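Presented below is the structure to which this report refers.
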Protein chains: 2
Amino acid sequence: MRVALAGFGGVGRALAALAFSREEQSVTDFGLRIRICAAGTRSTTLWGDLDPGTLAFVASRALPLTAYRGGHRETSLVKAALLARAHVLVDATSSDIWTGQPGLDLLRAAMNQGLHAVVLSKGPLLTAYKELQGLSQSARVHLKASGATAAALPCLDVAEVSLAGTTLLSINGILNGTTNYLLGRMEEGIPLALALQETVHRGIAEPDPRWDLEGWDTAAKTVLLANIAMGAGIGLSAAAVEGIGGLDAAFVQDALAQGKRVKLVGSAVRGVGGIKVQVGPQVLPCDHFLASVNGADKAVSLETDTMGTLSLVGGRSDPRGAAAAAYKDIINIFRPRP
Amino acid sequence: MRVALAGFGGVGRALAALAFSREEQSVTDFGLRIRICAAGTRSTTLWGDLDPGTLAFVASRALPLTAYRGGHRETSLVKAALLARAHVLVDATSSDIWTGQPGLDLLRAAMNQGLHAVVLSKGPLLTAYKELQGLSQSARVHLKASGATAAALPCLDVAEVSLAGTTLLSINGILNGTTNYLLGRMEEGIPLALALQETVHRGIAEPDPRWDLEGWDTAAKTVLLANIAMGAGIGLSAAAVEGIGGLDAAFVQDALAQGKRVKLVGSAVRGVGGIKVQVGPQVLPCDHFLASVNGADKAVSLETDTMGTLSLVGGRSDPRGAAAAAYKDIINIFRPRP
């Protein structure tokens with residue numbers, strides 16, 4: 001299977017490395033030879049019989065795409081993808097959360113040309129999920145987004161496949177590793193500002209941590225889950241969002257002293273008026289499932305009508321985990337069925 | 001989609017009730033009208049345009065299949081399934097764990113006739129998984145077994161779909177609700193024999209609790225997971241099995257006083273010599289994921305190479321949960337794809 005890769009940041013590079021290292025395994029296990037045949041960034045687009053090992057080398061050294069010598073050059077990735085006879089486009093761009101660009105236009109063009117879509121960037125899904133879903137149906141192509149919500153934590157697969165035939169009543173999750181880590185440090189009495197400096201220094205948090213801190217990353221992921229798994233059809237602006245910026249360490253420590261833990265929880269609840277998304281700090285009893293999720297781990301509880309509540313925790317929460325989620329989506333699109 | 005149902009015990013009845021109550025929902029969501037067109041027990045086999053509501057009524061009152069008036073009678077369920085033009089056979093028999101019968105012969109005959117198979121009984125899978133898997137490939141039919149391992153806990157889906165492209169290094173699980181409940185009572189100082197009487201009285205445990213207590217139920221489920229999710233190709237006799245019958249409450253209480261919990265863990269570990277299955281009580285630190293699984297809940301941790309460790313907990317662990325798992329398998333066989 002021939003893959004066109006948009007974006008060559010951490011996740012795009014991890015996918016190039018993974019595709020190379022797993023190539024023979026996927027042939028053996030699924031009869032699928034998965035190769036990148038086109039790759040593009042804002043400045044460079046390559047296509048052709050790209051050598052997987054060389055591309056993986058460039059990726060694992062965190063070199064720019066221009067470091068790959070050979071292949072043909074193009075200006076448009078979708079044009080390059082068609083020239084290279086790609087079957088699927090992987091959107092690993094860092095698209096804007098409010099406009100969805102540049103991923104959104106790429107996905108529109110690719111799906112209109114009959115390519116399947118595997119999405120790793122949140123922007124296009126947050127701004128235009130309904131449109132993209134409709135396009136996937138009219139163009140008869142797959143739209144997969146496992147890596148866009150919680151890296152390797154398979155919330156979407158589980159909702160679609162494992163809980164098929166149930167009604168999802170609510171989703172509750174700890175979806176942002178940075179804030180969960182910070183709350184852990186605050187339990188130890190470290191002030192938020194200091195803990196934050198530490199995470200930025202260690203490269204855990206983004207240089208601008210407000211997106212995490214103010215709850216917007218959690219909100220974005222919760223809205224995606226609500227739309228894809230529950231059919232909510234809402235935008236990010238419909239979410240009621242509160243972050244952890246207003247909490248102080250003493251409050252978190254007091255809770256712990258009373259056998260409780262403060263967690264930043266994103267929730268989507270089905271009610272009479274539709275599906276409501278809320279994000280905010282919650283004081284949970286220690287035996288609550290989400291209270292036991294520590295450090296940079298992520299977790300989600302899916303409450304159903306006929307299968308009880310199913311909870312998921314863990315799943316590598318880094319670029320490699322997200323790349324592995326996209327790789328799995330590619331396999332699931334093309335794997336043979338009886 | 002027309003379903004032939006083998007077995008009309010707790011799970012078979014729950015499936016009949018579920019199929020009726022979800023009929024319109026599945027038409028709306030998946031374009032699938034799922035109906036039971038044949039049903040058989042050891043003594044009775046019905047087929048024809050069975051009325052779903054009447055069958056659900058008979059099921060929900062726990063009446064025998066003979067209480068359904070109407071339909072045609074047959075002696076062989078597979079013959080009835082063919083006469084009724086069934087698409088899938090659901091094996092909800094209580095098949096023997098060592099011979100696999102009567103489910104095994106039913107599944108063989110059905111798959112040879114081109115019917116897909118959804119298996120809820122452990123016997124056929126424990127005795128002849130390799131054969132049945134080969135048969136599903138040669139007959140080009142699906143073989144699904146979500147409900148046979150841990151009711152609604154979707155270990156098999158997750159391994160097959162969500163972890164596609166990874167290598168599964170180990171599986172560790174609490175797979176037997178009865179023993180987990182008993183260990184909880186022993187933590188409260190109640191002797192095992194007394195706690196056991198209580199569970200039998202309350203209908204939680206089987207009348208003959210040795211299958212649970214001596215670890216064989218956990219072993220059977222672990223072997224199924226090892227075979228289906230890890231390709232182990234082993235039988236139940238290859239498992240090293242120890243139960244909780246030899247533990248006394250004082251030992252469990254002492255562990256708790258030291259901040260540890262005793263759990264009956266089934267594990268399958270990939271090593272140089274193949275996949276090794278072991279079942280036995282383990283003393284786990286309180287912050288271990290499996291230590292937090294209480295009461296009749298079930299949980300599984302799946303350790304992968306590229307996606308980290310993913311853990312699942314919960315999922316309704318009763319006949320309704322198992323029926324919902326089979327219902328989901330039916331949907332996943334027939335749902336339309338792009």
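Source: prediction; values computed, not measured. By convention in this document, chain letters (A, B, ...) are assigned in the order of the sequence lines, proteins followed by strands, and residues within each chain are numbered from 1.
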What part of A/L302 gets closer than 4.5 Å to chain B, counting heavy atoms only: side chain, backbone, both or neither? neither
Determine which pairs satisfy salt bridge (Lys or Arg N to Asp or Glu O under 4.0 Å) with at least one residue from residues 290-309 of chain A, sequence neighbours left out, and list them in order. A/D305-B/R22
Toward chain B, the part of A/E160 with a non-hydrogen atom under 4.5 Å: both
Do side-chain atoms of A/R316 reach the backbone of B/T306 as a donor and acceptor pair under 3.5 angstrom? yes
Smallest separation among heavy atoms of B/A164 and A/R335, with atom names: CB-NH1, 4.0 Å
Go through A/L310, A/I34, A/D329 and name the one with the most non-hydrogen pairs under 4.5 angstrom from chain B. A/L310
Does any heavy atom of chain A fall under 4.5 Å from the side chain of B/L143, the backbone, both, or neither of them? neither
When A/G165, A/G314, A/G308, A/S21 are compared by non-hydrogen pairs under 4.5 Å with chain B, the top option: A/G165
A/S311 versus chain B, the contacting section by heavy-atom distance below 4.5 Å: both
Relative to chain A, which of B/A325, B/A151, B/G315 shows the most heavy atom pairs under 4.5 Å? B/G315
Which atoms of A/I331 approach chain B - backbone, side chain, both or neither, heavy atom under 4.5 Å: side chain
Compare every heavy atom of B/V161 with every heavy atom of A/N332, then report the nearest pair and how far apart it is. ND2-O, 2.9 Å
Looking at A/V141, A/L156, A/D157, A/I330, which has the largest count of heavy-atom pairs under 4.5 Å with chain B? A/D157
The reported gap from NZ in A/K328 to OG1 in B/T166 (rounded to nearest 0.5 angstrom) is 9.5 Å
Between B/T304 and chain A, with a heavy-atom cut-off of 4.5 Å, which part of the residue counts as in contact: side chain, backbone, both or neither? neither
Please enumerate all residues that pass side chain to side chain contact (heavy atoms under 4.5 Å, CB included) together with A/A232, with sequence neighbours excluded. A/A226, A/N227, A/I234, A/I275
Portion of A/V313 that has a non-hydrogen atom of chain B nearer than 4.5 angstrom: both
Considering only heavy atoms and a distance below 4.5 Å, find which of A/R140, A/R320, A/R337, A/H116 pairs most often with chain B. A/R337
I'd like to check A/V158 versus B/V158 (side-chain heavy atoms, cut-off strictly below 4.5 Å). Are they in contact? yes
